[in-house]
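Here is the structure we will look at.
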Amino acid sequence: MSDSHAIGETPLVIEHEDRPELRHHFADVEQQRNAASLGMWWFLGTEIMFFGGMFCGYLIYRRIYFPEFAVASRSLTLWIGTLNTAVLICSSLTVAMSVRAAQLGKRKQQVKLLLATIFFGLVFLGVKAYEWREKYEEHHIPTFDYNVIGGKGDLIKGHERFLGIEKVETDPGKLRAREAQIQEHTQVFYSLYFALTGMHALHMVIGVGIFSVITFMAWKGRFTPEYHTPLEIAGLYWHFVDIVWIYLFPLLYLIDRRPVG
């Protein structure tokens with residue numbers, strides 16, 4: 001310890017000099033960590049309200065337009081949703097393991113786990129892009145080209161009775177009116193589907209960007225058993241995004257999978 005440490009300097013000044021990661025407005029590393037955690041939890045609280053509002057909107061419209069939402073939900077490819085769920089669960093595992101590796105001071109293992117997390121995030125986005133392309137080909141994207149009657153994306157075929165088509169098929173006027181309702185109500189479903197999955201994908205893109213920076217910091221040896229707060233905070237964000245998908249998966253893919261006729 002230098003003479004300046006021994007004479008005329010407070011323990012607070014000494015700790016700031018010995019710990020370059022400690023910001024000047026915090027008394028110690030623990031206070032800095034608690035403040036960062038509190039800030040992230042406040043942010044995640046606003047995110048819960050944001051996604052919660054979208055979930056409520058989906059559930060309300062599903063209640064109002066139940067037959068159309070049920071049929072549209074069944075048009076989503078189940079294996080795609082299941083694969084993405086497994087991918088995100090694995091990514092949460094690698095995040096948790098990377099935090100543990102930082103606590104143990106295993107830098108190389110930490111970097112490998114963080115790279116695996118980024119890989120899983122990119123796989124999720126790639127699979128989601130494939131699914132969106134599938135919906136584009138079926139004309140299920142809510143634009144001027146939207147159509148669920150006839151063609152590759154026909155939702156009526158096989159569900160005539162469930163959608164009430166059989167009751168009006170002998171009356172051309174009522175049939176056209178019912179088909180127009182189906183077009184309109186299923187468009188609400190796909191609007192909410194793309195809004196929910198699109199916002200989730202945006203959060204995934206942000207997460208991949210954050211973890212790219214975190215991985216670089218880990219590679220440079222910035223994290224130690226005593227200090228790895230940025231990694232822990234980024235992990236909270238990543239886990240939250242994964243949990244959002246855990247709710248989206250059953251709401252969009254599973255809730256109406258029972259046979260309908």
Side-chain angles (χ1 to χ4, degrees), residues 47-48 50-63 65-96 116-143 146-148 152-159 162-163 182 185-208 211 237-261:
E47 290 285 278
I48 290 171
F50 173 75
F51 278 103
M54 298 180 76
F55 286 149
C56 287
Y58 174 86
L59 291 171
I60 290 170
Y61 276 110
R62 178 183 174 274
R63 174 75 175 179
Y65 304 140
F66 174 75
E68 293 86 349
F69 267 51
V71 171
S73 175
R74 288 173 60 84
S75 73
L76 302 178
T77 307
L78 182 59
W79 72 264
I80 291 178
T82 304
L83 174 61
N84 264 349
T85 302
V87 167
L88 285 190
I89 290 173
C90 289
S91 73
S92 278
L93 176 63
T94 55
V95 168
T117 300
I118 295 173
F119 170 75
F120 285 130
L122 293 174
V123 168
F124 176 92
L125 292 171
V127 173
K128 183 53 62 180
Y130 172 82
E131 184 179 34
W132 286 344
R133 182 176 180 273
E134 193 177 68
K135 292 291 111 184
Y136 171 78
E137 293 175 348
E138 294 174 350
H139 301 284
H140 287 173
I141 297 179
T143 61
Y146 180 79
N147 183 47
V148 295
K152 185 178 180 180
D154 187 3
L155 297 185
I156 293 180
K157 186 177 181 181
H159 304 108
F162 185 70
L163 292 171
I182 293 171
H185 298 170
T186 54
Q187 193 168 11
V188 174
F189 171 86
Y190 287 112
S191 296
L192 288 167
Y193 162 77
F194 281 106
L196 285 164
T197 58
M199 287 306 303
H200 179 266
L202 175 61
H203 282 70
M204 284 296 300
V205 171
I206 294 171
V208 168
F211 268 82
Y237 175 85
W238 192 272
H239 291 316
F240 169 78
V241 176
D242 288 1
I243 289 172
V244 170
W245 179 258
I246 294 300
Y247 281 94
L248 283 176
F249 177 57
L251 279 177
L252 296 174
Y253 293 84
L254 300 180
I255 201 167
D256 291 308
R257 281 289 159 174
R258 67 186 184 284
V260 296

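Positions are given from 1, in the same order as the sequence printed here. None of the values given here were measured: they were computed from a predicted structure.
Within the 4.5 Å cutoff, the side chain of Leu202 has heavy atoms near those of the Met199 side chain. You'll find the side chain of Leu76 reaches within 4.5 Å of the side chain of Phe189, heavy atoms only.
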Checklist entry - Hey, mind stepping through Met54 and Leu192 against side-chain contact (heavy atoms from CB on, under 4.5 Å) and telling me if it holds? => result CA-CA 8 Å; Met54 298 180 76; Leu192 288 167; over 6 Å; no
Checklist entry - Going through the distances and angles, do Val208 and Thr117 end up as a side-chain contact (heavy atoms from CB on, under 4.5 Å)? => result CA-CA 8 Å; Val208 168; Thr117 300; over 6 Å; no
Checklist entry - Please walk me through it: do Glu131 and Lys135 pass salt bridge (charged side-chain N to carboxylate O under 4.0 Å, His left out)? => result CA-CA 6 Å; Glu131 184 179 34; Lys135 292 291 111 184; over 6 Å; no
Item to check | side-chain contact (heavy atoms from CB on, under 4.5 Å) between Phe211 and Val95, worked out | outcome: CA-CA 10 Å; Phe211 268 82; Val95 168; 3.9 Å; yes
Checklist entry - Run the side-chain contact (heavy atoms from CB on, under 4.5 Å) check on Val244 and Leu196 step by step: do they pass? => result CA-CA 10 Å; Val244 170; Leu196 285 164; over 6 Å; no
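Between Leu252 atom CG and Tyr247 atom OH the span is 14.5 Å, to the nearest 0.5 Å. Here OH of Tyr253 is found 9.0 Å from OG1 of Thr82. Values are rounded to the nearest 0.5 Å. Atom NE2 of His239 and atom CD1 of Ile246 lie 12.5 Å apart (nearest 0.5 Å). Here CD of Gln187 is found 8.0 Å from OG1 of Thr143. Values are rounded to the nearest 0.5 Å. Atoms OH and CZ, from Tyr136 and Arg133 in turn, are 9.5 Å apart once rounded to the nearest 0.5 Å. Expressed to the nearest 0.5 Å, how far CD1 of Ile255 lies from CG of Leu59 amounts to 6.5 Å.
For the residue pair Tyr146 / Thr186, a side-chain donor-acceptor distance below 3.5 Å is found, with atom types taken as modelled.
Sparse packing is recorded around OH of Tyr61, with 12 or fewer heavy atoms of other residues, nucleotides or ligands lying under 6.0 Å away. Enclosure of atom OH in Tyr130 is not indicated, since only 12 or fewer non-hydrogen atoms of other residues, nucleotides or ligands lie within 6.0 angstrom.
The nearest pair of heavy atoms linking Tyr190 to Ala72 is OH-O, 3.6 Å. For Leu88 against Met204, the heavy-atom pair with the smallest separation is CD2-CE, 3.7 Å. Taking every heavy atom of both residues into account, Val71 and Leu155 meet most closely at CG1-O, 3.2 Å. Smallest separation of non-hydrogen atoms from Gly121 and Trp238: CA-CH2, 4.0 Å. Between Tyr193 and Lys128 the shortest heavy-atom distance is OH-NZ, 3.9 Å. Closest approach of His203 to Tyr237, counting heavy atoms only: O-OH, 2.9 Å.
For the side-chain hydrogen bond (donor to acceptor under 3.5 Å, both in side chains) test, residues two or more places apart in sequence or in another chain that qualify with His185 are Glu68. With sequence neighbours left out, Phe124 forms a ring-ring contact (aromatic ring centres under 6.0 Å, His included) with His200, Trp245. Remark: Val123 pairs with Val87, Phe119, Val127 by the side-chain contact (heavy atoms from CB on, under 4.5 Å) rule, at least two apart or across chains.
Side chain of Thr94 to backbone of Ser91: a donor-acceptor contact under 3.5 angstrom is found. With His140 contributing its side chain and Gly153 its backbone, the two residues share a donor-acceptor pair below 3.5 Å. Between the side chain of Thr85 and the backbone N or O of Gly81 there is at least one donor-acceptor pair closer than 3.5 Å.
Using a 30° and 60° split on the angle between ring planes, Phe66 and Phe162 fall in the perpendicular class, above 60°.
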